[in-house]
Amino acid sequence: MAKNSGYWLVKSEPGCFSIDDLAALPGQTTMWDGVRNYQARNFLRDSMKEGDRVFFYHSITGVGIAGLCEVVGKPYPDPTQWNPENRHFDPASPADTPRWYAVDIRLVRKFARILPLAELRNLQELAEMELLKRGSRLSVQPVREEEFQAIMAYVGEGMGVR
DNA sequence: GCCAACGTTGGC
DNA sequence: GCCAACGTTGGC
């Protein structure tokens with residue numbers, strides 16, 4: 001696992017929340033909530049900081065990186081954990097020591113097209129990338145700086161974005 | 001829909 | 001603490 005690098009990748013099912021949904025929001029900013037895995041929680045809560053770059057990844061359908069976001073502000077207790085109406089409600093989470101955290105992320109740029117997982121597998125620089133490992137299921141995961149740069153270079157050259 | 005991989009739960 | 005059972009994730 002990469003150390004905290006200031007670069008991340010978050011996953012979302014586009015049928016649930018897509019990059020276009022994010023782009024349509026005021027300020028193109030959303031609360032990234034509902035993370036209910038301790039390893040992902042630790043990354044989010046302990047290491048995400050203002051200005052960090054975040055790849056927005058679409059899982060299940062249209063599998064690939066859809067764009068780039070950035071962290072806004074600091075992580076904070078995820079309010080959905082105390083909302084009985086919410087599907088991520090966790091009645092066992094104590095109010096004084098919240099179990100789950102959220103963070104705000106803002107869209108920086110939607111890529112001209114989704115960068116498919118299959119193409120990412122072709123990039124030698126990404127041989128060790130967490131996303132490409134067998135059984136990788138983390139919904140919040142760190143990205144190494146060299147991986148970030150390789151992807152952005154590929155986006156720039158192959159997709160005419162920057 | 002299939003299935004591999006992984007996390008969580010709970011009996012012991 | 002072990003481990004089987006179960007539920008979920010997520011690529012294909």
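Protein chains get the first letters and strands the later ones, always in sequence-line order, with residue 1 at the start of each. Remember, it's a predicted structure, so these values are computed and weren't measured experimentally.
Comparing atom distances between the S59(A) side chain and each of dC12(C), dG10(C), dT8(B) picks out dG10(C) as nearest. Listed nucleotides dG10(C), dG7(B), dC12(C) differ in distance to I60(A); the shortest reach to its side chain belongs to dG10(C). Considering only the side chain of R137(A), dG7(C) comes nearest among dG7(C), dC12(C), dT8(B).
Aromatic pair W8(A)/F148(A): centroids not less than 6.0 angstrom apart. The ring of F56(A) has its center no closer than 6.0 angstrom to the ring center of F111(A).
One finds no side-chain N or O of K11(A) lying less than 4.0 angstrom from the OP1 or OP2 phosphate oxygen of dT9(C). When the side-chain nitrogen and oxygen atoms of Y57(A) are compared with OP1 and OP2 of dT9(C), none of them lie within a distance under 4.0 Å.
Between L120(A) atom CG and dC12(C) atom P the separation is 11 Å, expressed in whole Å. Taking atom NZ on K133(A) and atom P on dG11(C), their separation rounds to 16 Å, with Å as the unit. Taking atom CZ on R121(A) and atom P on dG10(C), their separation rounds to 13 Å, with Å as the unit. Y38(A) has its OH atom 13 Å from the P atom of dG7(B), to the nearest Å. One can place CD of Q141(A) at 13 Å from P of dG7(B), the figure rounded to the nearest angstrom. Distance N37(A) CG to dG7(C) P: 19 Å, rounded to the nearest Å. One interatomic measurement links the two molecules: CZ of R87(A) to C1' of dT9(C), which rounds to 12 Å at whole-angstrom precision.
Residues D104(A) and Y76(A) have side chains that bring a donor and an acceptor to within less than 3.5 angstrom of each other. Between the side chains of E13(A) and S59(A), no donor-acceptor pair of N or O atoms lies under 3.5 Å.
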